[in-house]
Amino acid sequence: MLDSKLIRDNIEETAERLNVKGFELDIDAINELESHRKTIQVKTESLQNERNVSSKSIGQAKAKGEDIQPLLKEVGLLGDQLKKAHDELEIVKQQLHEKLSEIPNVPDADVPVGNSEEENVEIKRWGQPTSFDFEPKDHVDLGQENKEMDFDIASEITGSRFVVLRSGLARLHRALTQFMLDIHTQEHDYEETYVPYIVNRKSLFGTGQLPKFEHDQFTIQDDRGFYLISTAEVPLTNLVANQIIDAEKLPLKFVAHTPCFRSEAGSYGRDTRGMIRQHQFEKVELVWVTKPDDSYDAHEQLTQHAEVILQKLGLPYRVVILCGGDLGFSSAKTYDLEVWLPGQNAYREISSCSNMQDFQARRMHARWRNPNTGKPELVHTLNGSGLAVGRTLIAIMENYQDVHGRIHIPEALHAYMPGITVIG
RNA sequence: GGAGAGGUGGCUGAGUGGUCGAAAGCGACGGUCUUGAAAACCGUUGAGGGGUCUCCCCCUCCCAGGGUUCGAAUCCCUGCCUCUCCGCCA
């Protein structure tokens, strides 16, 4: 959520910056609601004041044993007026809140202009695309060859976009999560966290998945209005919802391994083959909560932490900065890490690291006490995948295959899979 | 699933329907004292929002949402959450 003062005092400039994201701000509608809000709020509050003063004087008169009947008569008329004004105010505030809830975060100044992922800008490359002296297969062929990756049985059990892993691949999948968690907790100083995989609407609103992206979420058939998490960002970031954090406790750094559930309603027909885009996948997620001045630096560090995993696994990748049009709803600035997939002969997203600045903090009332002002102020929140486990598994399969279709386990994982150096 | 208790400020914890945004204590901050610190003493100390907004004024908030009333932290209803005991269970 944007600062409503920004919307009030700087709406033209805000609208321009939102254009970079391809968002059309409805200036007239907002201005109209806002001026209505102001009028009716002032009216309501002055009526409330009037009532408070009168009621107080009734109390005093009664205490002195005076006749309160005339006073009662005087105040009687106020009730209806107040109720009417109050109801009207509630409606306007609600309308304004709904409007504001659907405005995305404003992109940072150094976010490149562009409409789609085609226009993201590469800023770094690590390693060279793996070369083979044979025609490399993609992970689907590799998995089917050694019978450890089964999409057909998964679709019998559930439906499309699910997978069953067995034996070596299932083991590798587990080893990857352990490996990632260990690196982030032991080398990068994150607090390991276990969180709910089911959340309520409030939490999803806090991180910005709701109200706009309801169709991406899996709902639970239940009258409590629960959802399966689409990312651990939701429970992890909401850890600081409605809090005022001591300055010396910042930054907070959380890591959690969770499954993620996405209905991917908007992407039918995209990445239908293989494990790239599933309804259920595992992710190790990194979340930072920082002072506003620290978030820029934190973003670089967070991204670096995700990169370390790829480096230790020896997976070639590049870093791109997302252009305005590809930037997520809540994000002011995002770096994507894209791993090299020989099977697709392309770099594909494996991690997305974003600085949300105060956008989520405002939605979830996450604050810190600024020692300089003594006042509670909004924190900045950041998150990134470190990494998407399923896609890392694919990347290892495709980059570490040999001519026989076997997969060689990267050395960094040997401690996590004792006795297994080759799968297939 | 059954029975009971309870949700008040950073924390503990009072609060006969009428200056209660809320006693008291703790904590924190400032000051006095001290070479310094501690102790002691004095003082300050909730959040959100609005207005003709550096002064100032006003509104809202005692889990949430309704209701009764001129007036609700206090009374009534509903929901949520927490705790205790029993049952069941990984």
Side-chain angles (χ1 to χ4, degrees), chain A residues 1-10 30-101 194-206 220 222-227 235 238-250 252 259 289 358 360-379:
Chain A
M1 198 115 90
L2 298 180
D3 188 350
S4 58
K5 290 194 177 73
L6 196 68
I7 297 287
R8 262 176 243 165
D9 306 335
N10 254 328
I30 289 175
N31 280 342
E32 195 177 318
L33 276 172
E34 173 53 27
S35 85
H36 187 193
R37 187 229 98 226
K38 185 163 164 178
T39 314
I40 195 68
Q41 180 164 347
V42 168
K43 182 178 170 192
T44 305
E45 289 186 358
S46 84
L47 283 169
Q48 280 174 328
N49 178 236
E50 223 175 300
R51 183 206 57 193
N52 290 348
V53 169
S54 300
S55 293
K56 211 163 270 183
S57 69
I58 290 175
Q60 283 163 351
K62 208 175 168 189
K64 288 184 205 150
E66 293 169 3
D67 180 18
I68 59 169
Q69 281 310 317
L71 288 168
L72 281 180
K73 200 171 262 176
E74 199 177 296
V75 140
L77 297 168
L78 267 176
D80 289 344
Q81 283 183 61
L82 211 168
K83 183 163 170 45
K84 207 175 141 223
H86 183 263
D87 289 350
E88 197 179 338
L89 178 63
E90 283 308 306
I91 290 168
V92 180
K93 278 171 111 174
Q94 182 58 30
Q95 286 171 338
L96 207 49
H97 183 257
E98 278 168 22
K99 265 270 190 293
L100 293 179
S101 299
Y194 174 80
V195 291
Y197 305 153
I198 295 176
V199 295
N200 57 32
R201 291 190 65 87
K202 219 170 31 181
S203 296
L204 282 164
F205 180 84
I220 300 218
D222 181 286
D223 53 13
R224 284 172 289 200
F226 285 161
Y227 295 78
N238 275 285
L239 243 25
V240 295
N242 299 309
Q243 292 197 40
I244 301 172
I245 301 158
D246 293 338
E248 57 271 23
K249 296 216 172 99
L250 296 174
L252 297 172
V289 178
D358 63 12
Q360 295 179 323
R362 187 172 292 106
R363 290 169 91 94
M364 64 174 72
H365 306 121
R367 294 152 298 165
W368 68 299
R369 196 170 294 277
N370 184 342
N372 297 324
T373 61
K375 290 289 169 197
E377 295 170 15
L378 296 170
V379 294

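All values derive from a computational prediction rather than experimental measurement. Below, chains carry the letters A, B, ... as their sequence lines are ordered, and counting in each starts from 1.
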Check: Using a cut-off of less than 4.0 Å, is there contact between a side-chain N or O of A:Asn52 and OP1 or OP2 of B:C59?
Finding: yes

Next item on the list: Please measure how far the P atom in B:G71 lies from the corresponding atom in B:C61, and state the result in whole Å.
Entry: 13 Å

Notebook entry, point to check: Does a nitrogen or oxygen in the side chain of A:Lys249 sit under 4.0 Å from OP1 or OP2 of B:G10?
Noted result: no

Check: Going by heavy atoms in the side chains, are A:Met1 and A:His97 under 4.5 Å from each other?
Finding: yes

Check: For A:Arg51 and B:U60, is the shortest distance between a side-chain N/O and OP1 or OP2 below 4.0 Å?
Finding: yes

Next item on the list: Please determine if a side-chain N or O atom of A:Arg367 lies less than 4.0 Å away from the OP1 or OP2 oxygen of B:G48.
Entry: yes

Notebook entry, point to check: Contact class for A:Asp246 vs. all strands (heavy atom < 4.0 Å): base, sugar-phosphate, or nothing?
Noted result: nothing

Next item on the list: Kindly say whether A:Asn372 contributes a backbone atom to a donor-acceptor pair with the side chain of A:Asn370 at under 3.5 angstrom?
Entry: yes

Notebook entry, point to check: Could you state the CD1-C1' distance from A:Ile58 to B:A72, rounded to the nearest angstrom?
Noted result: 15 Å

Note to self: B:G51, OP1 or OP2 - any side-chain N/O from A:Arg37 closer than 4.0 Å?
What the structure shows: yes

Check: In whole angstroms, how far is the P atom of B:C61 from the CD atom of A:Glu45?
Finding: 11 Å

Note to self: Given B:U60, B:G18, B:G51, identify the nucleotide with an atom nearest to the side chain of A:Ser55.
What the structure shows: B:G18

Note to self: I want to confirm an ordering. Mapping A:Ser54 and A:Gly59 to their closest nucleotides on RNA chain B, which one lands closer to the 5' end?
What the structure shows: A:Gly59

Note to self: Is the phosphate of B:C59 approached by A:Asn49 (side-chain N or O, under 4.0 Å from OP1 or OP2)?
What the structure shows: yes

Notebook entry, point to check: B:U19, B:G50, B:C70: which one has an atom nearest the side-chain heavy atoms of A:Val42?
Noted result: B:G50

Margin query: Roughly how many Å apart are B:U44 and B:A23, using the P atom of each and rounding to a whole number?
Written below: 12 Å

Next item on the list: Using a strict 4.0 Å threshold on nitrogen-to-oxygen distance, state whether A:Lys5 and A:Asp9 make a salt bridge.
Entry: no

Notebook entry, point to check: What distance, rounded to whole Å, do you find between the two P atoms, one in B:C88 and one in B:U16?
Noted result: 43 Å

Checklist line | For atom CG of A:Leu89 and atom P of B:U60, their distance in whole Å | finding: 12 Å

Check: Given that A:Ser4 and A:Val75 both sit by RNA chain B, which one's nearest nucleotide is further toward the 5' end?
Finding: A:Ser4

Item checked: For B:C75, the Watson-Crick or wobble partner whose two distances fall under 3.5 Å -> B:G67

Notebook entry, point to check: Just how far, in rounded Å, is P of B:G48 from CD1 of A:Ile244?
Noted result: 6 Å

Check: Paired with B:G4 by Watson-Crick or G-U wobble geometry, both distances under 3.5 Å: which nucleotide is it?
Finding: B:C83

Next item on the list: Find the distance A:Lys93:NZ to B:G50:P and express it as a whole number of Å.
Entry: 9 Å

Item checked: Distance between C1' atoms of B:G27 and B:G13 (Å, rounded) -> 14 Å

Notebook entry, point to check: In terms of side-chain heavy atoms of A:Gln60, which of B:G50, B:G51, B:U19 is nearest?
Noted result: B:U19

Check: Within a strict 4.5 Å, meaning less than it, do heavy atoms of the A:His36 and A:Glu88 side chains meet?
Finding: yes

Checklist line | Exercise: identify the closest heavy-atom pair between A:Arg369 and A:Pro376 | finding: NH1-CD, 3.9 Å

Note to self: In the structure I gave you, are the side-chain heavy atoms of A:Glu90 and A:Gln94 within less than 4.5 Å of one another anywhere?
What the structure shows: no

Checklist line | B:A38 to B:C29 separation - P atoms, rounded to the nearest Å | finding: 10 Å

Checklist line | Short side-chain N/O contact from A:Arg8 to OP1 or OP2 of B:G50, under 4.0 Å | finding: yes

Notebook entry, point to check: In whole angstroms, how far is the P atom of B:C58 from the CD1 atom of A:Ile40?
Noted result: 21 Å

Next item on the list: Pick the P atom in B:A47 and in B:C80, then give their distance to the nearest Å.
Entry: 32 Å

Checklist line | Pairwise P distance for B:C62 and B:G21, with rounding to whole Å | finding: 12 Å

Next item on the list: Could you state the atom-to-atom distance from NZ of A:Lys375 to P of B:U45 in whole Å?
Entry: 10 Å

Next item on the list: For nucleotides B:G67 and B:C81, find the distance between their C1' atoms and express it as a whole number of Å.
Entry: 22 Å

Next item on the list: Sort out the partner of B:A90 for me: Watson-Crick or G-U wobble, both distances under 3.5 Å, none otherwise.
Entry: none

Checklist line | For atom CG of A:Asp9 and atom C1' of B:G51, their distance in whole Å | finding: 14 Å

Item checked: Pair partner, B:A23 [Watson-Crick or wobble, under 3.5 Å] -> none

Next item on the list: Among B:U19, B:G67, B:G50, find the nucleotide with the atom closest to the side chain of A:Lys83.
Entry: B:G67

Check: Do A:Lys83 and A:Asp87 sit within salt-bridge range, that is, some charged N less than 4.0 Å from a carboxylate O?
Finding: yes

Item checked: Partner nucleotide of B:G30 by Watson-Crick or wobble geometry (both distances under 3.5 Å) -> B:C42

Item checked: Sub-4.5 Å side-chain heavy-atom contact between A:Leu2 and A:Leu100 -> no

Next item on the list: With a 3.5 angstrom cut-off on both distances, give the Watson-Crick or G-U wobble partner of B:C55, or none if there isn't one.
Entry: none

